[in-house]
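The structure under discussion appears below in the form of structure tokens.
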Amino acid sequence: MPGIDTGLKNKVVVVTGGGQGIGLATAEAFAAQEAVVIIADMKGSQGAGAADQLVARGMNVSFLPLDVTSEDGVGEFFENTVPGIFERYVDVLVNNAGVTDDSQLVKIAPDGEVIKMSLAQWRKVIEVNLTGSWLCARDVLPGMIRRRSGVILFASSVIARDGGFGQTNYAASKCGIEGVVASLSREVGKYGVRVNAVAPGYTQTSMMDTVPDDVLAKLAKSAPLRRLGNPGDIANAYVSLASDQSRYITGAVLSVDGGLRV
């Protein structure tokens, strides 16, 4: 956001799942605003490599391992590890970490076999996307409340509203995120903490790698802007919501989907 004072210079920003895709683009976008960025990712080599790439470009980025599904690990990260390194608490948390594990809830094969989405598939997506984001928000908040300042951003999706074939688990996780945003923004607004979400549409990330080209083309045409999103489109939305320019926005879900929600 050249020419605009975002107020993000020297702010400590944690991006979960920041080793690739939207997370990496988000880390880069905040670093471009001269923020102090921490890529938090459970994939050590990937997260460290991503940080090294940005450091080589002169950006203030570091990597710390984090499994968002570990209650103890998240607590240690936000209560001890980060303050121990930076001597202050996190200013902006971007809850970007997420997974998919698609399957129809129930499918009956031609031979009559009943195939169900497994409980493991359900739990995996809910644990990472919803519970993991909830844990990170819970444990980053004490520092924000004490300083009466902070921004927590969540990753929702167009799927929360429109649903997705074979994605009951993913849709549930993203609907849950929007409920958390609505409730948490009411709880912490009095402390000067803002809580918002970004709801991407169909975006060109590794999650789309298994989607056939003809289906991708149809998805692109379904948006009024007639294209898929790219990670930078979503990253810019996170920066905008974290910026001082958005200081009167909380409890919002910003659709970044090429117009799919029109």
Side-chain angles (χ1 to χ4, degrees), residues 8 11-31 35-51 53-54 59-83 85-86 89-101 124-144 150-157 170 173-174 176-178 180-181 184 193-200 203 205-207 231 234-235 237-239 241-242 256:
L8 292 170
K11 294 291 180 70
V12 176
V13 179
V14 170
V15 182
T16 68
Q20 65 176 343
I22 291 172
L24 177 54
T26 299
E28 180 179 0
F30 276 100
V36 178
V37 178
I38 304 167
I39 290 176
D41 203 300
M42 69 179 299
K43 297 178 181 177
S45 59
Q46 182 171 271
Q53 290 177 26
L54 298 180
M59 295 179 170
N60 193 345
V61 181
S62 58
F63 164 73
L64 289 173
L66 176 65
D67 177 358
V68 299
T69 67
S70 168
E71 182 175 14
D72 290 342
V74 171
E76 171 67 20
F77 185 91
F78 287 106
E79 294 167 21
N80 299 312
T81 304
V82 173
I85 293 174
F86 295 101
Y89 288 90
V90 176
D91 296 294
V92 179
L93 167 64
V94 183
N95 275 314
N96 167 78
V99 296
T100 58
D101 196 346
K124 171 185 174 182
V125 174
I126 296 296
E127 283 295 303
V128 175
N129 297 2
L130 180 56
T131 306
S133 295
W134 176 84
L135 281 172
C136 289
R138 186 191 68 174
D139 288 350
V140 81
L141 267 171
M144 292 183 173
V151 178
I152 301 176
L153 300 173
F154 289 83
S156 183
S157 169
Y170 188 76
S173 73
K174 296 307 182 179
I177 286 294
E178 295 194 5
V180 169
V181 168
L184 187 57
V193 179
R194 298 191 293 108
V195 183
N196 293 296
V198 171
T203 307
T205 68
S206 59
M207 285 186 178
I234 315 306
Y238 281 128
V239 170
L241 285 173
V256 186

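Everything numeric here is computed off the predicted structure, so don't read it as measured data. Values reported hereafter were calculated over all heavy atoms of this structure, with side chains retained and with hydrogens, waters and symmetry mates removed.
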Intermediate values then yes/no, side-chain contact (heavy atoms from CB on, under 4.5 Å), Phe30 and Val94: CA-CA 10 Å; Phe30 276 100; Val94 183; 3.8 Å; yes
Could you please spell out the steps behind the side-chain contact (heavy atoms from CB on, under 4.5 Å) verdict for Leu64 and Val14? CA-CA 10 Å; Leu64 289 173; Val14 170; over 6 Å; no
Can Ile177 and Leu130 be said to form a side-chain contact (heavy atoms from CB on, under 4.5 Å), step by step? CA-CA 6 Å; Ile177 286 294; Leu130 180 56; 4.0 Å; yes
Gln46 and Asp41: CA distance, side-chain angles, deciding distance, side-chain contact (heavy atoms from CB on, under 4.5 Å) verdict: CA-CA 8 Å; Gln46 182 171 271; Asp41 203 300; 4.3 Å; yes
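Between Met144 and Gly150, the shortest heavy-atom distance links the atoms SD-CA, 3.8 Å. When every heavy atom of Phe63 is checked against every heavy atom of Ala48, the shortest pair comes out as CG-N, 3.6 Å. Contact detail for Ala242 and Val92: the closest heavy-atom pair is CB-CG1, 4.0 Å.
Rounding to the nearest 0.5 Å places CG of Leu153 at 6.5 Å from CG of Asn196. In this structure, the separation between CH2 on Trp134 and CD on Glu127 is 10.5 Å, given to the nearest 0.5 Å. In this structure, CG in Asn96 is found 10.0 Å from CD1 in Ile234, a value given to the nearest 0.5 Å. Interatomic distance, CZ of Arg194 versus CG of Leu184, reported as 13.0 Å (0.5 Å rounding). For the atom pair CG (Asn129) and CZ (Phe154), the distance works out to 12.5 Å, reported to the nearest 0.5 Å. With rounding to the nearest 0.5 Å, the separation of CG in Leu66 from OG1 in Thr81 is 9.0 Å.
Annotation: side chain to side chain donor-acceptor pair (under 3.5 Å) contacts of Asp67 (sequence neighbours excluded): Thr69. For Asp139, the side chain to side chain contact (heavy atoms under 4.5 Å, CB included) test picks out Val74, Phe78, Glu79, with sequence neighbours left out.
Looking at Asp91, its side chain does come within 3.5 Å of a backbone N or O of Val12 through a donor-acceptor pair. For the pair Ser156 (side chain) and Glu178 (backbone), a donor-acceptor distance under 3.5 Å is absent.
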Would you give me the side-chain donor-acceptor pairs under 3.5 Å for residues 17-29, sequence neighbours excluded?
unit_1: Thr26; atom_1: OG1; unit_2: Ile22; atom_2: O; d: 2.7
unit_1: Glu28; atom_1: OE2; unit_2: Arg57; atom_2: NH1; d: 2.9
unit_1: Glu28; atom_1: OE2; unit_2: Arg57; atom_2: NH2; d: 2.8

